[in-house]
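Here's the structure we're looking at; comments come further down.
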Amino acid sequence: MPHRPETAEQRDRRKARNRKIVVGFFVFIGLIVALESPLARVRQIAVKGNTTITQADVVANSGVELGESLWQVNTKQAAARIERRLPMVQSAAVTVDWLHGSVSLALRERQVVAVYADAGSFYELLNNGYVFAAEPSSAGLPYPLVSGPDEHVQVHAMMNGDVSTVCRQLAKVPAGELTEVSEFHINGDGTISMYLDNGFVVLADADSLAGAVNAMQSVVHYFVQKGYKPGTVDLTGQPPYRYTPFATVTNGSQPTSSGQQNAGTGANGVVGTNKAANGLTSQTGGGKP
């Protein structure tokens, strides 16, 4: 069968196809060289934002290794690995610098916000309710004391819901606003009793504790200015806030109302009701610290 000569169009298509094959071959070779080149390897790993966790621990738990290909570094997986394996890390961000062959591990650490007291033992709590470490004593620790119903506390484990809620709320409050509170007691009914150094007790909802702490000083200061003796100030719910004096015991008898002689008592047993415009009221009757 006679060979048909190539047309000019067929010849151009064949040359173009050959050029693509040659270019593809060299691109493939270049890619292999790039992947194997020292310039495409992790030459440096930098850790930022760590204050309590060592750099070695962060790197080891990230899964990133010196000498591995930069192409193999999965930034999302590395960040998730750090957050999962290191409870002290609140968030992590991993970035790759191709020019310098470096990987950066940037952390945001969780903070210790309280010390939990249980049967004479003390435990540092992170801002999510995680038990970070045991302490021999609460003396000298710059964190508020938290107590609650007896339960088994385990280091490197999460506390129950109420304790975790308190920790998350305390993380929102500047440390300087907690200096007057000697203890946060979890009552088990969704409320918290804050014991103040001046003898007052402030009752607040656990899930709005941060707001109650912010309002606490002005509310308690109001009753102190009016000459009220230490008692319970209820900040649960909406204003007006209610004051209840502590119950007293007379000659071994049952507790009786301490009353507020210096404030005056209205016919309905509520004193100072005309002052409710500022969200503060008081009442007689027994209460307990």
Side-chain angles (χ1 to χ4, degrees), residues 51-53 86-90 109-217 219-220 224 229-236 241 243-247 249 255 286-289:
T51 57
T52 60
I53 311 172
L86 297 174
M88 195 66 181
V89 176
Q90 183 162 330
E109 288 189 356
R110 295 189 183 279
Q111 301 298 318
V112 176
V113 296
V115 173
Y116 191 82
D118 178 58
S121 298
F122 303 93
Y123 305 88
E124 291 184 353
L125 301 178
L126 300 184
N127 56 7
N128 63 343
Y130 183 87
V131 183
F132 181 61
E135 289 290 341
S137 170
S138 65
L141 294 176
Y143 312 114
L145 190 67
V146 176
S147 63
D150 293 336
E151 61 174 275
H152 178 65
V153 181
Q154 183 177 353
V155 178
H156 298 164
M158 295 292 296
M159 294 290 286
N160 66 35
D162 286 341
V163 178
S164 297
T165 298
V166 169
C167 291
R168 286 191 292 270
Q169 289 291 313
L170 290 178
K172 303 176 183 179
V173 182
E177 297 184 13
L178 300 174
T179 55
E180 297 181 6
V181 183
S182 60
E183 181 180 346
F184 292 85
H185 182 77
I186 298 172
N187 300 319
D189 59 356
T191 64
I192 307 298
S193 294
M194 294 183 281
Y195 292 83
L196 308 188
D197 292 337
N198 62 4
F200 278 79
V201 176
V202 177
L203 190 67
D205 291 317
D207 55 5
S208 59
L209 181 60
V213 171
N214 291 333
M216 172 188 67
Q217 292 183 347
V219 174
V220 173
V224 172
K229 295 180 180 180
T232 300
V233 178
D234 190 348
L235 298 188
T236 61
Y241 300 123
Y243 163 88
T244 304
F246 295 145
V249 178
K288 65 179 181 178

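Just so we're clear, the structure is a prediction, and the values are computed from it rather than from any experiment. The residues of the chain are indexed from 1 along the displayed sequence.
Using a 4.5 Å heavy-atom cutoff, the side chains of Thr232 and Tyr243 are not in contact. Using a 4.5 Å cut-off on side-chain heavy atoms (C-beta onward), Pro230 and Phe246 make contact. Here the side chains of Val115 and Tyr123 are not in contact, with every heavy-atom distance at 4.5 Å or above. With a 4.5 Å cut-off on side-chain heavy atoms, Pro245 and Lys229 do not count as touching. Looking at heavy atoms from C-beta onward, Ile192 lies out of side-chain contact with His185 at the 4.5 angstrom threshold. Using a 4.5 Å heavy-atom cutoff, the side chains of Val201 and Met194 are not in contact. Residues Val181 and Tyr195 form no side-chain contact, since every pair of their non-hydrogen atoms from C-beta on lies 4.5 Å or further apart. In this structure, the side chains of Leu170 and Pro144 come closer than 4.5 Å at one or more pairs of heavy atoms.
Residue Tyr116 comes nearest to Asp118 through the heavy atom pair CE2-CB, 3.8 Å, listed as atom of the first residue, atom of the second, then distance. Between Leu209 and Gln169, the shortest heavy-atom distance links the atoms N-OE1, 3.3 Å. Summarising the geometry of Ser193 relative to Leu203, their closest heavy-atom pair is OG-CD1, 3.7 Å, with the distance given to 0.1 Å. When all heavy atoms of Tyr143 and Val112 are compared, the pair lying nearest together is CE2-O, 3.3 Å. Shortest non-hydrogen contact noted between Ala212 and Ala204 is CB-CB, 3.5 Å. Contact detail for Ser182 and Asp197: the closest heavy-atom pair is CB-OD1, 3.4 Å.
Rounding to the nearest 0.5 Å places OG1 of Thr52 at 3.5 Å from CE of Met88. Once rounded to the nearest 0.5 Å, the distance linking CZ of Phe184 with CG of Leu178 reads 5.0 Å. To the nearest 0.5 angstrom, Asp207 atom CG is 10.0 Å from Arg168 atom CZ. The CD atom of Glu180 sits 4.5 Å away from atom CD of Gln217, with the distance rounded to the nearest 0.5 Å. Distance check: Asp189 CG to Asp162 CG gives 8.5 Å after rounding to the nearest 0.5 Å. Between the OG1 atom of Thr191 and the CD1 atom of Ile186 there is a distance of 10.0 Å, given to the nearest 0.5 Å.
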Practice task
Verify side-chain contact (heavy atoms from CB on, under 4.5 Å) between Phe122 and Leu145, making sure each step is shown before the conclusion.
Solution key: CA-CA 9 Å; Phe122 303 93; Leu145 190 67; 4.1 Å; yes
Problem - Glu109/Thr51 under side-chain contact (heavy atoms from CB on, under 4.5 Å): CA gap, chis, key distance, verdict - result: CA-CA 8 Å; Glu109 288 189 356; Thr51 57; 2.7 Å; yes
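The side-chain hydrogen bond (donor to acceptor under 3.5 Å, both in side chains) test applied to Thr179 returns no partner, not counting sequence neighbours. In this structure, the side chain to side chain contact (heavy atoms under 4.5 Å, CB included) partners of Asn128, at least two apart in sequence or on a different chain, are Arg110, Leu126, Tyr130, Met158. For the side chain to side chain contact (heavy atoms under 4.5 Å, CB included) test, residues two or more places apart in sequence or in another chain that qualify with Ala171 are Val113, Asn127.
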